[in-house]
Amino acid sequence: MPELPEVEVVRRGLERWVSGRVVQTVEVRHPRAVRRHLAGPEGFAKALAGHRVGEARRRGKYLWLPLDDSPFSVLAHLGMSGQLLVQPQDAPDEKHLRIRICFEDGLGTELRFVDQRTFGGLSLHENTPDGLPDVIAHIARDPLDTLFDDAAFHTALRARRTTIKRALLDQSLISGVGNIYADEALWRSRLHYERPTGTFTRPRTAELLGHIRDVMNDALAAGGTSFDSLYVNVNGESGYFDRSLDAYGREGEPCRRCGTPMRRRAWMNRSSYFCPRCQRAPRLPA
DNA sequence: AAAACCTCCTGAAAGC
DNA sequence: TGCTTTCAGGAGGTTT
């Protein structure tokens, strides 16, 4: 389940192993992997060939590779199970290999997009004046972006008529936070996932943002969170932050602060993990 | 118009 | 034993 830290690990790998290389050929093995690309699989392959890959960039959970001397970028989203792997050309194809990108150099490696559940994909889009692929213009800056505006976030959060976890998962308000890091940051903040956004004071918002940043930086330092082989870096290696999780996936296990058994609640077609003692349910609205 | 809901997909694991 | 059901969930599109 790649969220901001996992995507950033992948971005760094692309920067190290792919940026600066010139695309030779592209093989799309599953059309769904390029469904966001309106010109189709053939158009996607043709548009990339011959272009040098620029500096790998990221906003929230989106990654993109600008093409030098071109107003276009290759946009990537890993979805639930997408992987961008730099593999030796002679390595056997992965079972869920969707796209192969080969380069015009003698390095002997190629870039592969592998995705079991096919929620992710690659596509080519024109950049906006600020260098962002046009289709992600609605994605908010993420909390590790130096230009993220804490005061504006607080104002926007207060204006919402919803609950805090829904707001954290809304990528147009704050990007990069998914189910795992939302639960972790809420646990660290001792906040219940259904606290109404309208009840947030400036200090409470500041504390929550601080915990979001802390948990993401901690995860980044550990190479991300891997529960299984579905999330790995470009070299196929797992992260080990899963062993540091305090909330996510810990149903029935003791809260690391107070020892109370953690709970899981079905919520929005997914799960929320929380401590019923540290994270008290908000008073129901009158 | 903003908020909530629906749906896409595969495979592991649980249920019967 | 083996088939069926459940679960994981990001985010665009649709509905309310």
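We name chains A, B, ... by the order of the sequence lines, and we start the count at 1 in each one.
- Using a 4.5 Å cut-off on side-chain heavy atoms (C-beta onward), A:Leu209 and A:Phe153 make contact.
- The side chain of A:Arg36 lies closest to C:dG12, out of C:dG9, C:dA8, C:dG12.
- Shortest non-hydrogen contact noted between A:Arg12 and A:Leu220 is NH2-CD2, 3.5 Å.
- Toward the 5′ end of DNA chain C lies the nearest nucleotide of A:Asn179, the other residue of the pair A:Tyr62 and A:Asn179 mapping further downstream.
- Distance, A:Met268 CE to C:dC7 P: 16 Å, rounded to whole Å.
- Following rounding to the nearest Å, A:Leu78 (CG) and C:dG9 (P) show an atom-to-atom distance of 16 Å.
- The number of heavy atoms from other shown groups lying within 6.0 Å of CG (A:Leu38) does not exceed 12.
- Following rounding to the nearest Å, A:Trp267 (CH2) and C:dC7 (P) show an atom-to-atom distance of 16 Å.
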With a 3.5 Å cut-off and sequence neighbours excluded, list the donor-acceptor pairs that the side chains of residues 131-145 of chain A form with protein atoms.
unit_1: A:His138; atom_1: ND1; unit_2: A:Val135; atom_2: O; d: 3.3
unit_1: A:Arg141; atom_1: NH1; unit_2: A:Asp145; atom_2: OD2; d: 3.0
unit_1: A:Asp142; atom_1: OD1; unit_2: A:Leu144; atom_2: N; d: 3.0
unit_1: A:Asp142; atom_1: OD1; unit_2: A:Asp145; atom_2: N; d: 3.0
unit_1: A:Asp142; atom_1: OD2; unit_2: A:Arg58; atom_2: NH1; d: 3.0
unit_1: A:Asp142; atom_1: OD2; unit_2: A:Gly60; atom_2: N; d: 2.9
unit_1: A:Asp145; atom_1: OD1; unit_2: A:Leu147; atom_2: N; d: 2.8

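- Taking atom CD1 of A:Ile174 as the reference point, atom P of C:dG10 lies 14 Å away to the nearest angstrom.
- For A:His125 and A:Phe72, the distance between ring centers is not under 6.0 angstrom.
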>> Using a 4.0 Å heavy-atom cut-off to protein, can you give one letter per nucleotide of nucleotides 8-16 of chain B, 5' to 3': B if the base is in contact, S if only the sugar-phosphate is, - if neither?
In response: BBBS-----
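- Summarising the geometry of A:Thr225 relative to A:Glu6, their closest heavy-atom pair is N-OE2, 2.8 Å, with the distance given to 0.1 Å.
- Atom CG of A:Asp242 is separated from atom P of C:dA8 by 17 Å (rounded to the nearest Å).
- Of the residues in residues 154-165 of chain A, those placing a heavy atom less than 4.0 Å from an atom of DNA chain B are A:Arg160, A:Arg161, A:Thr162, in numerical order.
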